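Since the structure is predicted, the reported quantities are computational estimates derived from the model, not experimental observations. In each ligand, atom 1 is the first atom listed, and ligand 1 is the first ligand listed.
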Amino acid sequence: MPLSSVSSLVLRHHSPRSLPPTSNRPPPHLGLLLPPFARSRAFDCQQLAAAATDDMAAAAAAAASPPTLLEHMGQAGGAADLTVLVAHIQSACKRIAALVASPGNAELSRAKAAGGAGVAAGRDAPKPLDELSNDIILSSLKSSGKVAVLASEENDLPIWITDDGPYVVVTDPLDGSRNIEVSIPTGTIFGIYNRLVELDHLPLEERAQLNSLQSGTHLVAAGYVLYSSATILCISFGAGTHAFTLDWSTGEFILTHPSLQIPPRGQIYSVNDARYFDWPEGLRKYIDTIRQGKGQHPKKYSARYVCSLVADFHRTLIYGGVAMNPRDHLRLVYEANPLSFLAEQAGGRGSDGKNRILSIQPVKLHQRLPLFLGSTEDMLELESYGDVQQKVNPGYEV
Ligand SMILES: O=P(O)(O)OC[C@H]1O[C@](O)(COP(=O)(O)O)[C@@H](O)[C@@H]1O
């Protein structure tokens, strides 16, 4: 079938959002015209059509298109089990992306979750969207068949899924959910460890806890998904940090930021500075100094604070600088470890103001700590002020 007939057939059944101009590119990839999740079929069609019309340019363009997340894992020789697991995580996150963008969720975000009344000490009361996102991830991990245990910020205890699952997943299913009502970006954070087979003889509850309390140095992979103007999945398997952008017309995460490197120094600091008067002297001095351009970098820094960890971290990864929450608020297992792993794999640092995050042995599942992430030179300068952890934590209303 000639290429023109394939295109018009597809167009008749699916009218895509308007595509960006393609003046200096070959005709749009046929995959962009097909319904979600059908990119591989589009790829086959394009190959057939190109062969039929002997259109070598189209075939070359198809071969040169950036890989999807799963293609990237295949090219990198990723373990088959891990690829299956990541495929399930990405499909859960596509559902969460649709959920946070759906009408009616502003109202949902104001409501209290059904199970919210009885949350254990140290955990915040979840919102319905937190619980829905948690359910989506749990059911996806169950159906992957690859996960022994899931530890989620939304559950008091880890959930044992299957005895022979090779992996342990830790997650904050929907970080920043307090922002949903005003459509500010949110995110999912996850970390993947190997199941510790040497603990298989222990009682289930103990086994689940100990598997979930592995130190960040043992992460096999970690990532986040940012739900913003673009939906971006950023992941590291321990060999660089790579980000993939969701192409809504095909349902595929496409490699858009290979081998991300945090600039060694940025010019942005990110913190809730309404807390200035609760900060220790060292942190106040550091921020005062860089604001005035009197630090090691002779430029005045700018402030940016979304108050949504994934968004603040994503910006820091790309522009550099430091993103911090100096009080005991963010969680070591679900947030600090995965994001520090990504930061280090991109050439940056993650610390609690004194110690490397990945080297801290978690002792409690919902353990909180101060978190500083960012460019190596900025982080070293910050840490040189010594006294940067906020000990006063009165509990803020907003
Ligand atoms: O109130 P603070 O100290 O500015 O904390 C804001 C931080 O809390 C978070 O909302 C996470 O807290 P929750 O997990 O309780 O939602 C982050 O997204 C954000 O970076």
Give the atoms of ligand 1, by number and element, whose distance to some non-hydrogen atom of [X] is under 4.0 Å.
X      : value
Arg331 : 12 (O), 13 (P), 14 (O), 15 (O)
Glu335 : 14 (O)
Leu309 : 17 (C), 18 (O), 19 (C), 20 (O)
Gly176 : 18 (O)
Asn325 : 2 (P), 3 (O), 5 (O), 6 (C), 7 (C)

Closer than 3.5 angstrom, by distance alone: can the side chain of [X] be matched with the main-chain N or O of [Y] as a donor-acceptor pair?
X      : Y      : answer
Asn179 : Cys307 : yes
Glu381 : Gln296 : yes
Thr188 : Pro173 : yes

Name each donor-acceptor pair under 3.5 Å that joins a side chain in residues 344-355 to protein atoms two or more places apart or in another chain, with its distance.
unit_1	atom_1	unit_2	atom_2	d
Glu344	OE1	Arg356	NH2	2.9
Glu344	OE2	Arg356	NE	2.8
Gln345	OE1	Ala239	N	3.4
Gln345	OE1	Gly240	N	2.9
Arg349	NH2	Glu383	OE1	3.0
Ser351	OG	Gly353	N	2.8
Ser351	OG	Glu383	OE2	2.9
Asp352	OD1	Lys354	N	2.8
Asp352	OD1	Asn355	N	2.6
Asp352	OD2	Asn355	ND2	3.3

Heavy-atom contacts under 4.0 Å between [X] and ligand 1: side chain, backbone, both, or neither?
X      : answer
Tyr396 : neither
Asn179 : neither
Ser308 : backbone

Open item on the list: Measuring from atom 11 (C) of ligand 1, which candidate in Asp328, Ile189, Asp175 has the nearest non-hydrogen atom?
Closed with: Asp175

Open item on the list: I want to know if ligand 1 touches Ser177 in the polar sense, i.e. an N/O pair below 3.5 angstrom.
Closed with: no

- [ ] State whether the shortest distance between N or O atoms of Arg327 and N or O atoms of ligand 1 falls below 3.5 angstrom.
- [x] yes

- [ ] Verify the distance criterion only: is there a donor paired with an acceptor across the side chains of Asp247 and Thr245 at less than 3.5 Å?
- [x]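 Per modelled atom types, Asp247 and Thr245 side chains form no pair under 3.5 Å.
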
Open item on the list: Between the side chains of Asp163 and Arg207, is the shortest nitrogen-to-carboxylate-oxygen separation below 4.0 Å, so that they form an ion pair?
Closed with: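 A salt bridge links Arg207 with Asp163.
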
Open item on the list: Whether Asp288 and Arg291 form a salt bridge (side-chain N of Lys/Arg under 4.0 Å from carboxylate O of Asp/Glu) is what I want to check.
Closed with: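 Yes.
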
Task: Contacts of type salt bridge (charged side-chain N to carboxylate O under 4.0 Å, His left out), residue Arg195, not counting sequence neighbours - done: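 Per chain and number, Arg195 pairs via salt bridge (charged side-chain N to carboxylate O under 4.0 Å, His left out) with Asp200.
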
